[in-house]
Enquirer: 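So that we are looking at the same thing, I have put the structure below in structure tokens.
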Amino acid sequence: MNEENPAATSESDKMRGGNQKAAALLALLDKTGYNMIQENGQRKFGGPPPGWEGPPPPRGCEVFVGKIPRNIYEDELVPLFERAGKIYELRLMMEFSGENRGFAFVMYTTKEDAQLAIKILNNYEIRPGRFIGVCISLDNCRLFIGAIPREKKKEEILKEMKRITEGVVDVIVCPDATDRTKNRGFAFVEYESHRAAAMARRRLLPGTFQLWGRAVQVDWACPEKEVDAETMRRVKVLYVRNLMISTTEDTIKAEFNKFKPRVVERVKKLRDYAFVHFYNREDAVAAMSIMNGKCIDGASIEVTLAKPVNKESTWKQHLNGHVSPCSENLMEFPSREDGHQKSAGKPASLSLSLNGQHSPSSPELEWYPYPFLPGVKLIPISMYSLKSSYFSSAVMRLDYFCYKNNWLPPEYYLYSTTSQDGKIHLVCKVLIPSIADGSQSCFMSHKLCTTLEDARELAARMALLHL
């Protein structure tokens, strides 16, 4: 009796599955007339589509697709995303093994189609229990550079960045809130293209390069979300930064009322920046033009129109410089009820997304105590048997995420620094030991905290956003 070789059977099944997938892709190309090529770790469908004339679609027409099961390919993705409109190009990131890397970029011919794709396909259940995430994709042209000597001026930093990297357009340097002659130890460098920024990031990676004799921190900066022109035409709130810590809301209101009395409705100040609310948009625009660059309490201020936050677009993804809306970079208009309860050192929202499932933002999160009545039967369960929606803490969510992926538990490493006023500030680094496929396995927040719990929470958030 001949015994079947299990290894041979498995290899045969793989070849049969590969042939079926290849046939499905060929059928897709025959049906649509699109071309498909694979290069630089990605497979590109279209770009341009058949019969396309003119330049590619403008910025804002591309969406990022995350949480894609590894065995799904263009033959399923294209028909799905064609529901929203005509596809200009679909780029599926690929592994050497032939599996996809779990994410893709879909470019439509119009911005309206891209927005419709987000509306109808974000959180779409593409497999039983598997939800994809869809959000707008932006080519990032800005780098965050940390650990810069605090005495360096903008002109010095700009000159140095232009010397060591190519395509530098501008440098954004924030002055220290207590000593305006110094910077905050970091800067944002704007490049002419995403490619130029990516090349600069590669050159400046820690351990390979130094600035002014010290190692610097380099990462992608979250770009500001593009707000449509129609929305911005209704904004009547100004964002004012570079204020002195000692400057009061009453002082700011008085200064902005000087050019025209009683036009300011209210002012909300948080540390060294503020939101100035006007009764009328026309007065807000006029005040912006007059007050930008003026001095208040000895500080030269910068004034722009504040950008509204779409609170429904809270989930984020950050991968190779392509990112989705990031609430921390948008201007959230504080309400009258905000008071001074929010800590300036904490993000406005701890909203997270795991496998397409959203958790409520912290202001919306409520704890409902139910009475524990006599005779109620209690059943012991494992926390890992619950759905991700039962976890509000990022630390717990990360632990749950690692368990579900059969990874070892995350490891946290604590670091501290002393501020100018002598207070101890903390930051955590989290390591995912089981990631050994060349992906990033170590994550650290760019924000310092005053408590251990907050430091661990932010580190876990950073890991979840990348994973």
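Counting from 1, the numbers follow the sequence of the chain as shown.
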Enquirer: Between the main-chain N or O of Glu282 and the side-chain N or O of Asn280, is there a donor-acceptor pair closer than 3.5 Å?
Expert: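 Judged by distance alone, no pair lies under 3.5 Å.
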Enquirer: Quick check for you: to the nearest 0.5 Å, what is the distance between Leu77 atom CG and Asn100 atom CG?
Expert: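 It comes to 7.5 Å.
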Enquirer: To the nearest 0.5 angstrom, please state how far the SG atom of Cys174 sits from the CZ atom of Phe186.
Expert: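 Nearest 0.5 Å value for the SG-CZ distance: 4.5 Å.
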Enquirer: Check this for me: Met199, atom CE, are more than 12 non-hydrogen atoms of other residues, nucleotides or ligands nearer than 6.0 Å?
Expert: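 Result for CE/Met199: open.
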Enquirer: Can you name the nearest heavy-atom pair linking Pro58 to Lys111, along with the distance?
Expert: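 Nearest pair, atom of Pro58 first, then Lys111: CG-CE, 4.3 Å.
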Enquirer: Short question: side chain of Asn257, backbone of Val263 - any donor-acceptor pair under 3.5 Å?
Expert: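 Pair found, side chain donor or acceptor close to backbone of Val263.
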Enquirer: For the backbone of Ile301 and the side chain of Asn242, can you confirm whether one donor and one acceptor N or O come within less than 3.5 Å of each other?
Expert: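 Side chain of Asn242 to backbone of Ile301: no pair is present.
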Enquirer: When rounded to the nearest 0.5 angstrom, what distance separates CG in Leu158 from NZ in Lys152?
Expert: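 Leu158 atom CG to Lys152 atom NZ measures 13.5 Å (nearest 0.5 Å).
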Enquirer: Quick one: closest heavy-atom pair of Cys428 and Leu414, and the distance?
Expert: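 Closest heavy-atom pair between Cys428 and Leu414: SG-CD1, 3.7 Å.
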Enquirer: Inspect the contact between Arg91 and Glu62 and indicate whether a charged nitrogen and a carboxylate oxygen are less than 4.0 angstrom apart.
Expert: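 Salt bridge present between Glu62 and Arg91.
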Enquirer: Are the side chain of Arg281 and the backbone of Arg233 linked by a donor-acceptor contact shorter than 3.5 Å?
Expert: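 Yes, Arg281 side chain to Arg233 backbone: donor-acceptor pair under 3.5 Å.
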Enquirer: Determine whether a donor-acceptor pair (N or O, by modelled atom type, separation under 3.5 Å) exists between the side chain of Glu190 and the backbone of Asp170.
Expert: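 It does not hold such a pair.
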Enquirer: Can you measure from SG (Cys135) to CG (Leu121) and round to the nearest 0.5 angstrom?
Expert: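 It is 12.5 Å, given to the nearest 0.5 Å.
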Enquirer: Going through the distances and angles, do Arg241 and Val303 end up as a side chain to side chain contact (heavy atoms under 4.5 Å, CB included)?
Expert: CA-CA 7 Å; Arg241 69 189 190 105; Val303 185; over 6 Å; no
Enquirer: Would you say NZ of Lys182 has more than 12 non-hydrogen atoms from neighbouring residues, nucleotides or ligands within 6.0 angstrom?
Expert: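 No, the 6.0 Å shell around NZ holds no more than 12 heavy atoms from other groups.
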Enquirer: Check step by step if salt bridge (Lys or Arg N to Asp or Glu O under 4.0 Å) holds for Glu249 and Lys269.
Expert: CA-CA 6 Å; Glu249 293 178 350; Lys269 181 173 183 283; over 6 Å; no
Enquirer: Mind listing the closest non-hydrogen atom pair of Ile136 and Gln115 along with its distance?
Expert: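 Scanning both residues completely, I find the closest heavy atoms to be CD1-NE2, 4.0 Å.
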Enquirer: Distance check, rounded to the nearest 0.5 Å: Phe256 atom CZ versus Lys258 atom NZ?
Expert: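 Spacing of CZ (Phe256) from NZ (Lys258) equals 11.5 Å.
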Enquirer: If only atom types and distance count, is the side chain of Asn122 paired as donor or acceptor with the main-chain N or O of Gly133 below 3.5 Å?
Expert: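 No; zero donor-acceptor contacts below 3.5 Å.
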Enquirer: So, Thr165 side chain and Met161 main chain: donor-acceptor pair closer than 3.5 Å or not?
Expert: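 Side chain of Thr165 to backbone of Met161: a pair is present.
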Enquirer: Taking atom CD of Gln42 and atom CZ of Phe105, what is their separation to the nearest 0.5 Å?
Expert: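 Between atom CD of Gln42 and atom CZ of Phe105 there are 8.5 Å.
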Enquirer: Verify, without hydrogens or angle tests, whether Asn292 (side chain) and Met288 (backbone) share a donor-acceptor contact under 3.5 angstrom.
Expert: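 Such a contact is absent between Asn292 side chain and Met288 backbone.
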Enquirer: For Asn183 and Lys154, indicate whether the former's side chain and the latter's backbone hold a donor-acceptor pair under 3.5 Å.
Expert: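 No, Asn183 side chain to Lys154 backbone: no donor-acceptor pair under 3.5 Å.
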Enquirer: Which pair of heavy atoms, one from Ile148 and one from Ile145, lies closest together, and at what distance?
Expert: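 Scanning both residues completely, I find the closest heavy atoms to be CD1-O, 3.7 Å.
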Enquirer: Can you sort out the partners of Val427 under side-chain contact (heavy atoms from CB on, under 4.5 Å), two or more places apart, ordered by chain and number?
Expert: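 Listed in chain order: Tyr415, Met444, Leu448.
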Enquirer: For Val168 and Glu192: C-alpha separation, side-chain torsions, deciding distance, then whether side chain to side chain contact (heavy atoms under 4.5 Å, CB included) applies.
Expert: CA-CA 6 Å; Val168 177; Glu192 62 187 11; over 6 Å; no
Enquirer: Considering the options Leu431, Val430, Ile432, which one meets the side chain to side chain contact (heavy atoms under 4.5 Å, CB included) requirement together with Cys442?
Expert: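 Single pass found, and it is Leu431.
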Enquirer: Using 30° and 60° as the class boundaries, would you call the ring planes of Phe278 and Phe259 parallel, tilted or perpendicular?
Expert: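 It falls in the tilted class, 30° to 60°.
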Enquirer: Quick check on the 6.0 Å ring-centre criterion: do Tyr108 and Tyr88 meet it?
Expert: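 No, the ring of Tyr108 stays outside the 6.0 Å limit from the ring of Tyr88, centre to centre.
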Enquirer: For a side chain to side chain contact (heavy atoms under 4.5 Å, CB included) with Phe443, tell me which candidate from Lys429, Met462, Arg461 qualifies.
Expert: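 Passing option: Met462.
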Enquirer: Is any NZ, NE, NH1 or NH2 atom of the basic residue among Glu156 and Lys159 found under 4.0 Å from an Asp or Glu carboxylate oxygen of the other?
Expert: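 No, no charged N to carboxylate O under 4.0 Å.
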Enquirer: Any idea which heavy atoms bring Ile132 and Phe81 closest together, and the distance?
Expert: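 Residues Ile132 and Phe81, closest heavy atoms: CD1-CZ, 4.0 Å.
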Enquirer: Under the salt bridge (charged side-chain N to carboxylate O under 4.0 Å, His left out) rule, collect the residues that match up with Lys162, sequence neighbours excluded.
Expert: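 Scan of Lys162 (salt bridge (charged side-chain N to carboxylate O under 4.0 Å, His left out), adjacent residues dropped) gives none.
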Enquirer: Looking only at the aromatic ring of each residue, does the gap between the centers of Phe131 and Tyr124 stay below 6.0 angstrom?
Expert: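 Ring centroids of Tyr124 and Phe131 are no less than 6.0 Å from each other.
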Enquirer: Could you go step by step and tell me if Ser137 and Val63 meet the side chain to side chain contact (heavy atoms under 4.5 Å, CB included) rule?
Expert: CA-CA 5 Å; Ser137 168; Val63 298; 5.6 Å; no
Enquirer: For Val216 and Gly146, which heavy atoms make the closest approach, and how far apart are they?
Expert: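 Nearest pair, atom of Val216 first, then Gly146: CB-O, 3.3 Å.
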Enquirer: Should the pair Arg456 and Tyr412 be classed as cation-pi, given the thresholds of under 6.0 Å to the six-membered ring centre and 45° from the axis?
Expert: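 Yes, a cation-pi geometry holds between Arg456 and Tyr412.
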Enquirer: Can you tell me if CD on Glu166 sees more than 12 non-hydrogen neighbours from other groups inside 6.0 Å?
Expert: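 Atom CD in Glu166 is not packed in, count stays at 12 or less.
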Enquirer: Any sub-3.5 Å donor-acceptor pair from Arg101's side-chain atoms to Glu95's backbone N or O?
Expert: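 Side chain of Arg101 to backbone of Glu95, a donor-acceptor pair under 3.5 Å: no, none is there.
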Enquirer: Identify whether the distance between the nearest side-chain nitrogen and carboxylate oxygen of Lys236 and Glu265 falls below 4.0 Å.
Expert: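 Judged by the 4.0 Å cut-off on N to carboxylate O distance, Lys236 and Glu265 do not form a salt bridge.
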